[in-house]
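Worksheet: the structure to be examined is printed underneath.
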Amino acid sequence: MKALSKIYIFIIFFFLYVPIAVLVFFSFNNSKSRSVWSGFTLKWYYRLFQNQQILSALSNTIIIAIVSSLLATIIGTMAAVGIMNMNKLVKKTVMNITNLPMVNPEIVTGVSLMLLFVFIYNKFGILKPGMATLILAHTTFCLPYVILSVMPKLRLMDVSLYEAAQDLGCAPAVAFGKAVIPQVMPGILSGMMMAFTLSIDDFVISYFTSGNTQTLPIVIYSMTRKIVSPEINALSTMLFVVVLSLLLIVNFKQIKEISKRKATTPTKGVNAN
Amino acid sequence: MKSKSINIPYILWIGIFIVVPLILVLLFAFTDSSGNFTIENIINVGNYASVFVRSIWLGLIATVICVILGYPMAYALSKIAPNMQEFMIVLLMLPMWMNFLLRTYAWMTILENNGLLNRLLMFIGIGQVNLINTSGAVVLGMVYNFLPYMILPIYTIISRIDNRIIEAAQDLGASRRKVFSKIILPLSIPGVISGITMVFVPAVSTFIISKMLGGGANILIGDLIEMQFLGSSYNPNLGSAISLVLMILIMICMGIMNQFDHEDNSMGGMII
């Protein structure tokens, strides 16, 4: 039974990783073939760094991800606080609207935002689809994730600290910044990280709201539509390595933290973990 | 914290970027290109019934395969040593961090006519088989892309089951099989439900997987919508009508699914 389940786990991981391994393997292939090996090369990586289209798309993607995840975090945190204090009916309505971008198929969200931006552009001549509309669209689909990661932390928060701060003479805004924000910080940070990764990865909604601006996923898509160059394999490999090292760093930090905690509180540490 | 002004930016935001766009979809769906009221678009959606049927059918097959493959995986993962589990979950999530276009592209290179798989088949003497541009390839792409979304919520739910319940059942003489069928399976249903919605909704509405792996013959609803907005047959009114029908269809499906989910635990799958 044990052995059987180990084999099964292995098979599923094999299924999940073989395509990625194939991509990585052929990024070092000397010819353009995607199935015949003809010697080792790094030329696709070299060409990748000279490909102006990819580099500018990469910078667009990063700018959009930073701006929209920050915007989503600020607006989302404020919204989470506000929603907590709403009366039941309003709260329910607002939460249902909040969840819409998560429940709706991505393509519907993308199409509806495209209609909005085209409408605004035709009526008022502002917000030509491009960088700005991408940021607005990304902020919109990231917002529910921020709210959903901040709200549980708010629920667990100790309200008396906020009240105590006010009793001691803090203005409400100061008390909020000093007593509430630090308590919900883990939720805010994980919401922001999630927003950032969702934004970097998004293709469908960007595709409909980008106009002529290109993000990395859009360039990847246009590359797969044309005669494909192994540059795309090189790009995949680099992205995979970046993600892998990010995860390793995060995990390594966690491991270090846990061992530190264990070292300082030997009796409690075991229970806490 | 009681002040109402903190709500204003958010209410404005969702009003402009969620509610108004959906109203525009509704508006476009019921007007013609010069802005007059019509229900022709909705009627015309009927011409594409076969596309709807194909999308739902392929989405269903992919979802069922994901349950069949994903449930044992989630169960097996929950049974391995706890210190290994975290590593395994990271390993499971890692492919999800790679852009799904690249993951689908990888299958393109494996399945194409002189791709790796066909070379392997020829090598062992079976000969070339047409794998790409079939509906099977589309289903494979769906399963590959969405399988982790099935495994993770089920795993989360199973690993949260209180061990004392299982021990109690064992103390009362239940066999392993009975423990599974009477305790683990019923308690893990909410995870299966949220897994099903997390796989079915993107599978039904995808337009990339079908385009890359299905060729021109396997058009899905997503492709149809894309064609009306950015593709060859520009017609946002018809596109909006199709989007509206798709939205309603999915809401009905979710409504039916929620009937099975008594504990209202649809966010059980959210990790991070």
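In what follows, every heavy atom counts, from backbone to side chain, and hydrogens, waters and symmetry copies are set aside. Reminder, nothing fancy here: chain letters follow the sequence lines and each chain counts from 1.
Put simply, of A:Ile20, A:Leu239, A:Leu100, the one with the most heavy-atom pairs under 4.5 Å next to chain B is A:Ile20. Comparing A:Val94, A:Leu136, A:Ile220, A:Val204 by heavy-atom pairs within less than 4.5 Å of chain B, the highest count is held by A:Leu136. Interface summary for chain B: among A:Phe119, A:Phe13, A:Phe203, A:Phe240, the most heavy-atom pairs under 4.5 angstrom belong to A:Phe13.
Proximity to chain A (any heavy atom under 4.5 Å) is restricted, for B:Leu246, to the side chain, taken from C-beta onward. For chain B, the nearby part of A:Met86 is the side chain; its heavy atoms alone come within less than 4.5 Å. With a 4.5 angstrom heavy-atom cutoff, B:Gln228 does not touch chain A via any of its atoms. For chain B, the nearby part of A:Phe26 is the side chain; its heavy atoms alone come within less than 4.5 Å. In this structure, chain B has no heavy atom under 4.5 Å from any part of A:Val118. Contact annotation for A:Pro217: both backbone and side-chain heavy atoms come within less than 4.5 Å of a heavy atom of chain B. Both the backbone and the side chain of A:Leu113 come within less than 4.5 Å of a heavy atom of chain B. Proximity to chain B is limited to the side chain of A:Leu23, based on heavy atoms less than 4.5 angstrom apart. Within the 4.5 angstrom heavy-atom criterion, only side-chain atoms of B:Leu147, from C-beta onward, approach chain A. Neither the backbone nor the side chain of B:Met84 comes within less than 4.5 Å of any heavy atom of chain A. Of the atoms belonging to A:Leu244, heavy atoms from both backbone and side chain fall under 4.5 Å from chain B. Heavy atoms of B:Val19 lying under 4.5 Å from chain A belong exclusively to its side chain. Contact of B:Met254 with chain A is made through the side chain alone, with heavy-atom distances under 4.5 Å.
Using bins of under 30°, 30° to 60° and over 60° for the plane-to-plane angle, the ring pair B:Phe17/A:Phe117 lands in the tilted bin.
When all heavy atoms of B:Ile110 and A:Pro19 are compared, the pair lying nearest together is CD1-CA, 3.8 Å.
Applying the side chain to side chain contact (heavy atoms under 4.5 Å, CB included) test between A:Ile97 and each of B:Ile18, B:Ile11, B:Leu22 identifies B:Ile18 as the sole match. Tested against A:Ile9, the residues B:Leu91, B:Ile80, B:Leu92 include a single side chain to side chain contact (heavy atoms under 4.5 Å, CB included) partner, B:Ile80.
Between the side chains of A:Thr98 and B:Tyr10, at least one donor N or O sits under 3.5 Å from an acceptor N or O.
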**Request:** Evaluate the criterion ring-ring contact (aromatic ring centres under 6.0 Å, His included) for residue pair B:Phe207 and A:Tyr207; output intermediate values, then yes/no.
**Result:** CA-CA 12 Å; B:Phe207 71 97; A:Tyr207 183 62; 5.6 Å; yes
